[in-house]
Number of protein chains: 2
Amino acid sequence: MPAQQPSLDAIFSALADPTRRAILGMLLEDDMAVTDVAAPFEMSLAAISKHLAVLAAAGLIRQERRGRIIWCKLEPDGLRNASVWMQGFGQFEPVDLDDFERFLREALPLADGDDAQP
Amino acid sequence: MPAQQPSLDAIFSALADPTRRAILGMLLEDDMAVTDVAAPFEMSLAAISKHLAVLAAAGLIRQERRGRIIWCKLEPDGLRNASVWMQGFGQFEPVDLDDFERFLREALPLADGDDAQP
DNA sequence: CCCATATTCAACCGGCAAGTTAAGCAAAGC
DNA sequence: GCTTTGCTTAACTTGCCGGTTGAATATGGG
């Protein structure tokens, strides 16, 4: 189970479901067994189990069995790629694309050897 | 059309589609007409039109008609809520600048035309 | 060993999302 | 005024998604 870097597709569509976001919120506080995760929701255990599978496939949680209990724990780095992707859009103000580019050229010393800018 | 604060559901599921993310990437460079947005994709204009509608409903872009052309422009604040939500999980530092750089270099291949490759 | 607990698997269903084509509108151009 | 250009709507197909139920699997306890 190399869990090879999940796609943004997987991550964002995992996040698109309110139940799954709620689960992530719960796991933020503490690791939980599947049954306990399911408790507050008004849907079958199987449904929650599927949701957890989706989250795991997206690399947002990890499930590890200890005894007959499967513990679900947040995988904090799972959100990193998505977060980084989003920051690319949100970071700059309305339409300061020029400013942004200038910032980039300064902030990226290793962009291309030298930033000889006439 | 007050465009009342779109839900996280709407935002994340809008972002879950690679075509839509690509569109956002294009609009990051410049405002575009619908037809021009559709050009690089191998799907019908109608399909792209729908994608744009989804993005607009999610508050990620705005479409305004001028003449017979409808201009699509990024709505940078549209990502803010989602970003904030995600930061809530950021037990990891807000945004790793290294990651940010890497993202930028991939996402903005042609952000400027002057200093091209030799 | 047998039973209870914990979780998934399998088969199924309704609904929605994404794509298609074809028709419909609106604004410009000749 | 008719045609062309730009875009949306409508109607339809297809496939996936989220849910259900019921059986299957694994583990721990008495």
Side-chain angles (χ1 to χ4, degrees), chain A residues 1 3 6-27 30-75, chain B residues 1 3 6-27 30-75:
Chain A
M1 59 313 202
S7 65
L8 287 176
D9 283 38
I11 298 175
F12 281 126
S13 58
L15 294 179
D17 186 286
T19 302
R20 285 190 293 258
R21 287 198 308 278
I23 291 176
L24 290 179
M26 294 165 58
L27 293 180
D30 211 345
D31 300 354
M32 298 179 78
V34 175
T35 307
D36 295 329
V37 170
F41 297 96
E42 297 211 329
M43 73 181 72
S44 71
L45 183 61
I48 296 295
S49 179
K50 280 190 193 175
H51 279 302
L52 289 170
V54 171
L55 288 170
L60 298 177
I61 68 169
R62 236 180 52 214
Q63 301 188 266
E64 58 187 43
R65 159 165 247 143
R66 201 168 338 166
R68 61 180 162 177
I69 291 185
I70 294 187
W71 293 93
C72 309
K73 64 182 311 179
L74 215 58
E75 193 89 78
Chain B
M1 57 308 209
S7 66
L8 287 176
D9 283 37
I11 298 175
F12 281 126
S13 56
L15 294 178
D17 187 286
T19 302
R20 284 191 293 257
R21 286 198 309 277
I23 292 176
L24 290 179
M26 295 164 59
L27 293 180
D30 211 348
D31 301 355
M32 299 180 77
V34 175
T35 307
D36 295 328
V37 170
F41 297 97
E42 296 212 330
M43 73 180 72
S44 70
L45 182 62
I48 296 295
S49 179
K50 282 189 192 175
H51 278 303
L52 289 170
V54 171
L55 288 170
L60 298 177
I61 68 170
R62 236 179 52 212
Q63 301 187 268
E64 57 186 44
R65 160 165 247 141
R66 201 169 336 170
R68 60 178 164 182
I69 291 186
I70 293 188
W71 292 95
C72 308
K73 63 183 311 179
L74 214 59
E75 194 88 79

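Proteins come first, then strands; the chains are lettered A, B, ... in the order of their sequence lines, and each starts at number 1. A quick note: this is a predicted structure, and the numbers were derived from the prediction, not measured.
- Taking atom CD1 on B:Ile23 and atom P on C:dA18, their separation rounds to 11 Å, with Å as the unit.
- Note: CZ (B:Phe12) to P (C:dA17) measures 17 Å, nearest angstrom.
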> Where do A:Gln63 and A:Val34 land on the side-chain contact (heavy atoms from CB on, under 4.5 Å) test, with the steps shown first?
Replying inline: CA-CA 9 Å; A:Gln63 301 188 266; A:Val34 175; 3.9 Å; yes
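- To the nearest angstrom, P of D:dG6 lies 18 Å from CD of B:Glu64.
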>> Is there a side-chain contact (heavy atoms from CB on, under 4.5 Å) between A:Leu60 and A:Glu75? Walk through the geometry before answering.
In response: CA-CA 5 Å; A:Leu60 298 177; A:Glu75 193 89 78; 5.7 Å; no
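- Map B:Ile69 and A:Met43 each onto its nearest nucleotide of DNA chain D; the residue landing nearer the 5' end is B:Ile69.
- Checking the phosphate oxygens (OP1, OP2) of C:dT7, no side-chain nitrogen or oxygen of A:Ser49 falls inside 4.0 Å.
- Counting to the nearest Å, the C1' atom of D:dG19 and the CG atom of A:Leu52 are 15 Å from each other.
- D:dT27 atom P lies 17 Å from atom CH2 of A:Trp71, rounded to whole Å.
- The distance from atom CG of B:Asp9 to atom C1' of D:dC17 is 14 Å, rounded to the nearest whole Å.
- When the P atom of C:dC16 is taken as reference, atom CG of A:Asp17 falls 14 Å away, rounded to whole Å.
- Distance CH2/A:Trp71 to CG/A:Asp36: 7.0 Å, rounded to 0.5 Å.
- Candidate nucleotides C:dT7, D:dG18, D:dT8 were compared by shortest atom distance to the side chain of A:Ile70, and C:dT7 ranks first.
- In this structure, the nucleotide among C:dA18, D:dG19, D:dT8 sitting nearest to the side chain of B:Val34 is D:dT8.
- The closest side-chain heavy-atom distance from A:Lys73 to A:Leu27 is not below 4.5 Å.
- With respect to A:Glu64 and A:Arg62, a salt bridge is recorded, a charged nitrogen being found less than 4.0 Å from a carboxylate O.
- Residue A:Gln63 places no side-chain N or O under 4.0 Å from the OP1 or OP2 atom of C:dT7.
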Under 3.5 Å donor-acceptor pairs involving side-chain atoms of residues 9-24 of chain A, not counting sequence neighbours:
from: A:Asp9; atom 1: OD1; to: B:Arg21; atom 2: NH1; distance (Å): 3.2
from: A:Asp9; atom 1: OD1; to: B:Arg21; atom 2: NH2; distance (Å): 2.5
from: A:Ser13; atom 1: OG; to: A:Asp9; atom 2: O; distance (Å): 2.8
from: A:Ser13; atom 1: OG; to: A:Ala10; atom 2: O; distance (Å): 3.4
from: A:Asp17; atom 1: OD1; to: A:Thr19; atom 2: N; distance (Å): 2.8
from: A:Asp17; atom 1: OD1; to: A:Thr19; atom 2: OG1; distance (Å): 3.4
from: A:Asp17; atom 1: OD1; to: A:Arg20; atom 2: N; distance (Å): 3.2
from: A:Arg20; atom 1: NE; to: A:Ala14; atom 2: O; distance (Å): 2.8
from: A:Arg20; atom 1: NH1; to: A:His51; atom 2: ND1; distance (Å): 3.2
from: A:Arg20; atom 1: NH2; to: A:Ser13; atom 2: O; distance (Å): 3.0
from: A:Arg21; atom 1: NH1; to: A:Leu15; atom 2: O; distance (Å): 2.8
from: A:Arg21; atom 1: NH1; to: B:Asp9; atom 2: OD1; distance (Å): 3.2
from: A:Arg21; atom 1: NH2; to: B:Asp9; atom 2: OD1; distance (Å): 2.5

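- Separating the CD1 atom of B:Ile48 from the C1' atom of D:dT9 is a distance of 17 Å, rounded to the nearest angstrom.
- Checking D:dT8, C:dA11, D:dA11 against every side-chain atom of B:Lys50, the shortest atom distance belongs to D:dA11.
- A sub-4.0 Å separation between OP1 or OP2 of C:dA17 and a side-chain N or O of B:His51 is absent.
- Between B:Ala38 and B:Leu45, the shortest heavy-atom contact is CB-CD1, 3.6 Å.
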Filtered N/O pairs between nucleotides 21-30 of chain C and protein, under 3.5 Å:
from: C:dA28; atom 1: O4'; to: B:Arg68; atom 2: NE; distance (Å): 3.4

